[in-house]
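Okay, structure first, notes after.
In this chain, numbering begins with 1 at the start of the sequence shown.
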Amino acid sequence: MRGYEPRSSSSCAACKFLKRRCIPNCIFAPYFRSDECKKFAKVHKVFGASNVSKILIEVPEEHREDTVNSLAYEAEARLKDPVYGCIGAIALLQRKMVELQHDLAIAKDRLALYAAATTTTTASNDFFNNHVSLPPFPDFYTCSDFNDSFSNSSPSQSLSRHETTVDDFIQIPYIF
């Protein structure tokens with residue numbers, strides 16, 4: 001019961017919300033202080049006061065504070081997303097983690113390729129410089145070029161300027 005303050009004459013948030021007199025051994029008092037009415041209101045709206053009291057009675061006293069915090073978190077998540085609740089937030093974070101792992105794998109692959117290219121001997125560098133060529137860099141237009149391409153040329157002519165494209169994601173490893 002960390003953070004438990006000896007009660008003064010004021011009622012706990014649960015008893016205030018339920019408009020009843022707070023008894024000295026109120027099950028809600030240690031976990032819903034008198035200034036946490038919104039916290040109890042959310043928990044009550046999702047789970048109901050009767051169910052919360054039954055849960056708190058069944059849980060050992062040393063785990064009740066964590067239980068109330070979990071109920072409050074789930075209630076807030078359920079009010080924001082009635083269908084998925086906190087599972088929606090977990091799924092979003094997992095999807096983001098997979099995307100970041102994918103990006104990290106790409107970065108590691110490119111770093112390894114760069115490191116391998118810089119540690120080769122001069123003979124292989126000569127071979128690389130003489131026999132390997134990169135595709136041309138695509139044209140980037142200024143605003144005046146953009147306006148001129150629409151006013152002075154047909155659509156087929158403006159599209160012909162973009163014949164070569166550089167696809168940097170050809171060697172993306174697929175992680176799953």
Side-chain angles (χ1 to χ4, degrees), residues 1-119 134-135 137-138 140-141 143 146 162 165-176:
M1 289 194 299
R2 293 179 313 205
Y4 177 67
E5 311 162 351
R7 289 197 350 216
S8 61
S9 61
S10 68
S11 297
C12 67
C15 292
K16 280 183 179 180
F17 185 82
L18 298 172
K19 297 179 182 174
R20 65 180 189 191
R21 187 171 160 258
C22 192
I23 57 176
N25 59 350
C26 178
I27 189 87
F28 298 118
Y31 314 107
F32 297 102
R33 295 187 323 262
S34 62
D35 60 337
E36 296 179 324
C37 289
K38 288 184 181 180
K39 178 181 173 182
F40 180 76
K42 291 176 183 179
V43 171
H44 173 66
K45 185 172 185 174
V46 174
F47 299 105
S50 177
N51 291 331
V52 173
S53 69
K54 289 175 188 175
I55 291 170
L56 290 177
I57 290 169
E58 289 181 17
V59 172
E61 193 167 337
E62 62 270 8
H63 298 296
R64 287 182 184 172
E65 186 174 357
D66 293 333
T67 303
V68 168
N69 290 336
S70 295
L71 290 171
Y73 181 79
E74 174 64 30
E76 190 166 333
R78 188 62 64 178
L79 291 172
K80 286 181 183 176
D81 185 0
V83 175
Y84 295 109
C86 67
I87 299 299
I90 292 169
L92 179 72
L93 291 172
Q94 286 177 336
R95 185 171 42 248
K96 184 69 175 172
M97 186 179 69
V98 167
E99 289 173 6
L100 291 172
Q101 287 174 337
H102 183 257
D103 292 346
L104 180 63
I106 292 170
K108 283 182 178 180
D109 186 44
R110 289 182 182 168
L111 183 62
L113 289 173
Y114 178 75
T118 57
T119 59
L134 296 173
F137 199 69
F140 290 104
Y141 304 111
C143 290
F146 183 72
H162 295 288
T165 59
V166 176
D167 189 6
D168 196 26
F169 297 102
I170 292 173
Q171 298 178 356
I172 297 175
Y174 189 71
I175 304 171
F176 283 109

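With rounding to the nearest 0.5 Å, the separation of SG in Cys12 from CD1 in Ile23 is 9.5 Å. Separating the CG atom in Leu111 from the CD1 atom in Ile106 is a distance of 13.5 Å, to the nearest 0.5 Å. Here Leu104 contributes atom CG and Lys108 contributes atom NZ; the two are 4.5 Å apart, rounded to the nearest 0.5 Å. One distance of note links CZ of Arg33 with OG of Ser11; it measures 15.5 Å at 0.5 Å rounding. Rounding to the nearest 0.5 Å gives a distance of 9.5 Å between CG of Leu93 and CZ of Arg95. Rounded to the nearest 0.5 angstrom, Leu92 CG and Ile87 CD1 are separated by 12.5 Å.
Residues in residues 32-69 take part in these ring pair (Phe, Tyr, Trp, His ring centres under 6.0 Å) pairs, two or more places apart or across chains: Phe17-Phe40, Phe17-His44, Phe28-Phe40, Phe32-Phe40, Phe40-His44. Every pair passing salt bridge (charged side-chain N to carboxylate O under 4.0 Å, His left out) that includes a residue from residues 80-89 is listed here, sequence neighbours excluded: Glu76-Lys80.
Scanning all heavy atoms of the two residues, the minimum distance from Cys26 to Cys22 falls at CB-SG, 3.7 Å.
Judged as a side chain to side chain contact (heavy atoms under 4.5 Å, CB included), and not counting sequence neighbours, the contacts of Ile55 are Val59, Thr67, Leu71. Remark: Leu79 engages Lys42, Lys45, Val46 in a side chain to side chain contact (heavy atoms under 4.5 Å, CB included) (not counting sequence neighbours). Residues passing the side chain to side chain contact (heavy atoms under 4.5 Å, CB included) test with Gln94 are Ile90, sequence neighbours excluded. Shown here are the side-chain hydrogen bond (donor to acceptor under 3.5 Å, both in side chains) partners of Arg64, two or more places apart in sequence or in another chain: there are none.
For Arg78 (side chain) and Val83 (main-chain N/O), a donor-acceptor pair under 3.5 Å exists by modelled atom type.
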